[in-house]
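All values derive from a computational prediction rather than experimental measurement. First listed ligand is number 1; within each ligand, the first listed atom is number 1.
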Amino acid sequence: MSADARPLTVPDLALARAEGRRLAMLTAYDAGFARTCDANGVDLLLVGDSLGMVVQGHGSTLPVTVDDMAYHTACVARGIRRALLVSDLPFQADATRERALDAATRLLQAGAAMAKLEGAGPKLDVVRFLAEREIPVCSHLGLTPQSVLRMGGFKVQGREAAAAARLREEALAVAEAGAALIVLEGVPAALAAQITAASPVPTIGIGAGPHCDGQVLVLHDMLGLDSGHRRPRFVKDFLAEGGSVAGAVRAYVAAVRDGSFPAAEHSYS
Ligand code: KIV
């Protein structure tokens with residue numbers, strides 16, 4: 001089986017980075033869209049707790065439960081042949097390491113290959129606990145949507161020197177604790193470039209400029225759907241150029257791989 005046809009594994013992420021192949025990731029919440037994304041070249045699918053906003057219609061990700069995540073993870077897993085499936089630990093499912101282990105185990109048993117959790121600091125202990133128990137971990141840093149109340153909205157992070165230094169340290173710390181992948185959301189492009197250069201593990205950007213090792217978008221956003229929320233600057237409507245859902249996914253994958261997305265107009269300074 002060619003490397004493009006066989007299922008992607010966690011070690012393949014580091015390999016892609018080493019070989020300079022950018023990783024294209026999208027969110028998915030059901031088998032049908034997962035199948036279309038998978039068949040059209042998406043490397044990683046994320047069952048994001050963004051499902052609380054784009055599927056369930058809430059104003060934030062906070063109401064999403066582990067049951068919700070396990071249900072949607074199982075749906076998406078049934079639509080995938082090649083893509084690596086990442087699934088979010090929802091709000092407070094990672095508040096203690098025991099809760100995180102229970103929740104992450106459910107997500108892996110539902111078909112995920114990796115559990116994603118937001119933050120560093122007190123979460124480092126959780127990242128390490130999971131990684132040491134054979135749960136591949138993706139850390140999510142920068143604009144962490146589960147921190148929306150503390151942040152006072154969905155705001156770009158790391159613009160001040162002290163905040164930028166903290167983010168650089170957090171990225172190294174989560175990798176040292178065992179994270180195999182880092183999602184960087186809503187950070188200035190130059191800072192994301194520095195973090196990516198220093199990081200021992202691949203980075204995936206969303207609103208983090210073009211210099212990450214890969215990119216992720218929420219599926220509904222890249223299909224131009226109105227999910228009832230202000231569309232952030234980093235979103236591009238790929239349906240407009242792709243002409244169909246499959247075409248949009250192909251256009252997105254091609255643009256991530258050749259580095260034409262995100263462009264400067266999708267990035268923060
Ligand atoms: O929940 C989600 O969809 C995410 C992405 C925005 C990275 O965490």
A.B. asks: Would you mind listing which atoms of ligand 1 come within a distance below 4.0 Å of any non-hydrogen atom of Thr27?
C.D. replies: 3 (O)

A.B. asks: If the test is side-chain contact (heavy atoms from CB on, under 4.5 Å), which one of Asp68, Leu85, Val86, Thr27 qualifies with Val47?
C.D. replies: Leu85

A.B. asks: Below 4.0 angstrom from a heavy atom of Asp49, which ligand 1 atoms are there? Numbered from 1 as shown, please.
C.D. replies: 1 (O)

A.B. asks: Set out, in order, the CA-CA distance, both residues' side-chain angles and the distance that settles side-chain contact (heavy atoms from CB on, under 4.5 Å) for Arg35 and Arg78, then state yes or no.
C.D. replies: CA-CA 8 Å; Arg35 191 172 300 113; Arg78 288 191 282 269; 5.9 Å; no

A.B. asks: Number the atoms of ligand 1 from 1 as they appear, then name those within less than 4.0 Å of a heavy atom of Gly48, with their elements.
C.D. replies: 1 (O), 2 (C), 3 (O)

A.B. asks: Measuring from atom NE2 of His140 to atom CG of Asp49, what distance do you get when rounded to the nearest 0.5 angstrom?
C.D. replies: 8.5 Å

A.B. asks: Which of the numbered atoms in ligand 1 are under 4.0 angstrom from any heavy atom belonging to His140?
C.D. replies: 7 (C), 8 (O)

A.B. asks: State yes or no: do Phe91 and Val55 share one hydrophobic cluster built from I, L, V, M, F, W and Y residues joined by side-chain heavy-atom distances below 4.5 Å, directly or via other members?
C.D. replies: no

A.B. asks: Please test Arg82 against Asp43 for side-chain contact (heavy atoms from CB on, under 4.5 Å), starting from the C-alpha separation and ending with a verdict.
C.D. replies: CA-CA 7 Å; Arg82 173 184 172 269; Asp43 301 303; 2.9 Å; yes

A.B. asks: I'd like to check which ligand 1 atoms, numbered from 1 as shown, lie under 4.0 Å from a non-hydrogen atom of Leu46.
C.D. replies: 2 (C), 3 (O), 4 (C), 5 (C), 7 (C), 8 (O)

A.B. asks: Determine whether Leu108 and Phe129 fall in the same hydrophobic cluster, where Ile, Leu, Val, Met, Phe, Trp and Tyr are linked whenever their side-chain heavy atoms lie under 4.5 Å apart.
C.D. replies: yes

A.B. asks: Which ligand 1 atoms does Ile206 reach within 4.0 Å, using its non-hydrogen atoms?
C.D. replies: 6 (C)

A.B. asks: Which of the atoms in ligand 1, numbered in the order shown and given with their element, are less than 4.0 Å from a heavy-atom of Ser50?
C.D. replies: 1 (O), 2 (C), 3 (O)

A.B. asks: Within ligand 1, which atoms have a heavy atom of Lys116 less than 4.0 Å away?
C.D. replies: 4 (C), 8 (O)

A.B. asks: Based purely on interatomic distance, does Asp88 place a nitrogen or oxygen under 3.5 Å from a nitrogen or oxygen of ligand 1?
C.D. replies: yes

A.B. asks: Just by modelled atom types, is the Met25 backbone N or O under 3.5 Å from a matching donor or acceptor in the Tyr252 side chain?
C.D. replies: yes

